[in-house]
Trainee: 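Quick one: the structure is below, and I'll ask about it shortly.
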Amino acid sequence: MDDDTTELYLIRHGESVPNVTPVIGGMRGDTGLTDRGRDQARLLEKRLRDEQVRADQLYASTLPRALETAEYVARALDLPVQPDDELHELRPGEADGLTVDEWRERYRPQPPAVRDVFTPFAPGGESWVAFLARAGAAIAALVDRHPGQTVVAVCHGGVIEASFYLAFGLGGTADRVSFAVLNTSITRWRHRRGPDGRREWTAVTLNDAGHLAGADTPAESLREAVPTPPDEAAEDEDR
C-alpha cells in the first residue's frame, strides 16, 4: 500500500436497549447495551485479540451504546478511546427518548405521499439528507486526519450506511439502498487519494459478524435505535 493509504474499520455497537424497546435512542433515550449486547462485545473483543488486529487510532461515537462497545475494543487494541460526537446516529431532536408511537403521533401523523428526505426527524433533529452529509464528513475527516494509519471507529448502523453513500458518491436524494448492519459487525474500507487528488475507496470487509457465528446471540437487531430514514419507518408501521 502507498504511504498515504488509510485502513478504516467501522464497527457497529452491540445490541442496545433502544434496539429491543420502542424508544428513540438519542443521548437521552440511549441507556447502553443489553446483556446480549455485552456478550456480543466480548466476542468481538476476543476476535480482535485472536486475529491480532493492530490499529493506530480508536474513535467512538459518544452515544452510550457505542462508548460501552468501544471499551471492549479498546482493551483488545490497547488504545485509548477518542470520543467523536460527529459519529452519532441520526440526531432525533425533540423525539429523543419518546416511544416510536409517540414520535409518530406527534411528528409523523400521516406517512408522506412521496419519500421525504429533507424533513427533520423532529424539531431540533436531522433530516436524512443532513445526517448523510454530517456522517459522511465525519468519515472523510477520519481518513484525512490519519493518512497511512489504521483507524477504528465504533459507531452506528446509519453511519456505516453513510460510508457507502460517501464511497459511491450518492446523495440523500439518490435511489434508496438499504443495509442490514449487524451488531458488532466490522466493515473495512481502504482509502487513498488518486493522482488527480480524488478519493479512492476500496471495500475490503463488509458487515462481518463472523465472531457471533454459532453463539446464542443473534446478530441482527429487532429494530433501529433511531428509525432511518424516518419516512420509511412511518410507512412500515402502517403496513
Trainee: What pairs with D35 under salt bridge (Lys or Arg N to Asp or Glu O under 4.0 Å), at least two apart in sequence or on another chain?
Mentor: R38

Trainee: Is the ring centre of W189 less than 6.0 Å from the ring centre of F164?
Mentor: yes

Trainee: Measuring only between side-chain heavy atoms, which start at C-beta, is I24 closer than 4.5 Å to P227?
Mentor: yes

Trainee: For R28, what residues pass the salt bridge (Lys or Arg N to Asp or Glu O under 4.0 Å) criterion, not counting sequence neighbours?
Mentor: none

Trainee: Say whether L182 and V73 are linked into one hydrophobic cluster, either directly or through other cluster members, by side-chain heavy-atom distances under 4.5 angstrom.
Mentor: no

Trainee: Just grab all the ring pair (Phe, Tyr, Trp, His ring centres under 6.0 Å) pairs involving residues 51-90, residues at least two apart or on different chains.
Mentor: Y59-H146

Trainee: D144 versus H191: any side-chain heavy-atom pair under 4.5 Å?
Mentor: yes

Trainee: Consider only side-chain heavy atoms of I, L, V, M, F, W and Y, link residues closer than 4.5 Å, and tell whether L44 and L79 are in one cluster.
Mentor: yes

Trainee: Is there side-chain contact between L132 and L170, with at least one heavy-atom pair below 4.5 Å?
Mentor: no

Trainee: Under the rule for salt bridge (Lys or Arg N to Asp or Glu O under 4.0 Å), what residues qualify as partners of E200, not counting sequence neighbours?
Mentor: R192

Trainee: Are M27 and D96 close enough, and set up right, to give a side chain to side chain contact (heavy atoms under 4.5 Å, CB included), and what steps lead you there?
Mentor: CA-CA 7 Å; M27 287 297 288; D96 190 1; 4.2 Å; yes

Trainee: For V181, is there any backbone N or O sitting under 3.5 Å from a side-chain donor or acceptor partner on S185?
Mentor: no

Trainee: Are any side-chain N or O atoms of R193 and backbone N or O atoms of G197, one a donor and one an acceptor, separated by less than 3.5 Å?
Mentor: yes

Trainee: Identify every side-chain donor-acceptor pair in residues 118-126 under 3.5 Å, counting partners at least two apart or on other chains, and give the distances.
Mentor:
unit_1 : atom_1 : unit_2 : atom_2 : d
T119   : OG1    : D116   : OD1    : 3.2
T119   : OG1    : D116   : OD2    : 2.3
E126   : OE1    : R91    : N      : 3.0
E126   : OE1    : R134   : NH2    : 2.6
E126   : OE2    : R134   : NE     : 3.1
E126   : OE2    : R134   : NH2    : 3.4

Trainee: Residues in salt bridge (Lys or Arg N to Asp or Glu O under 4.0 Å) with D50, at least two apart?
Mentor: K46

Trainee: Is a side-chain donor or acceptor of E89 paired with a backbone partner of H156 at a separation under 3.5 angstrom?
Mentor: no

Trainee: Is the closest basic N to carboxylate O distance between R75 and E71 below 4.0 Å?
Mentor: no

Trainee: Are the side chains of V81 and L67 in contact, using a 4.5 Å heavy-atom criterion?
Mentor: yes

Trainee: If you measure only the distance, is there a donor-acceptor pair under 3.5 Å linking the side chains of Q57 and Q82?
Mentor: yes

Trainee: Determine whether a donor-acceptor pair (N or O, by modelled atom type, separation under 3.5 Å) exists between the side chain of R65 and the backbone of G14.
Mentor: no

Trainee: Identify the heavy atoms of L77 and A55 that sit nearest to each other, and give their distance.
Mentor: CD1-CB, 4.1 Å

Trainee: State yes or no: do I139 and W128 share one hydrophobic cluster built from I, L, V, M, F, W and Y residues joined by side-chain heavy-atom distances below 4.5 Å, directly or via other members?
Mentor: yes

Trainee: Decide yes or no for S221 and R12: does some side-chain heavy atom of the first lie under 4.5 Å from some side-chain heavy atom of the second?
Mentor: yes

Trainee: Quick check: is L48 connected to V152 through a chain of hydrophobic side chains (ILVMFWY, heavy atoms under 4.5 Å apart)?
Mentor: yes

Trainee: Run the salt-bridge test on R36 and D39 with the 4.0 Å N-O cut-off and return the result as yes or no.
Mentor: no

Trainee: Linking I/L/V/M/F/W/Y whenever any side-chain heavy atoms sit under 4.5 Å apart, do F179 and F131 land together?
Mentor: yes

Trainee: Is it true that a side-chain atom of Q40 and a backbone atom of E15 form a donor plus acceptor pair closer than 3.5 Å?
Mentor: yes

Trainee: Quick check: does any side chain N or O of T187 sit under 3.5 Å from a backbone N or O of N207, one acting as donor and the other as acceptor?
Mentor: yes

Trainee: Hey, are the side chains of H13 and N19 touching, using non-hydrogen atoms and a 4.5 Å cut-off?
Mentor: yes

Trainee: Start with the C-alpha gap between L98 and R106, add the side-chain angles, then the distance that decides, and say whether side chain to side chain contact (heavy atoms under 4.5 Å, CB included) holds.
Mentor: CA-CA 10 Å; L98 298 180; R106 295 185 194 184; 3.7 Å; yes

Trainee: Counting heavy atoms not belonging to D175, are there more than 12 under 6.0 Å from its CG?
Mentor: no

Trainee: Quick one, W201 and L166 - any side-chain contact, counting heavy atoms below 4.5 Å?
Mentor: yes

Trainee: With a 4.5 Å cut-off on side-chain heavy atoms, are D208 and R47 touching?
Mentor: yes

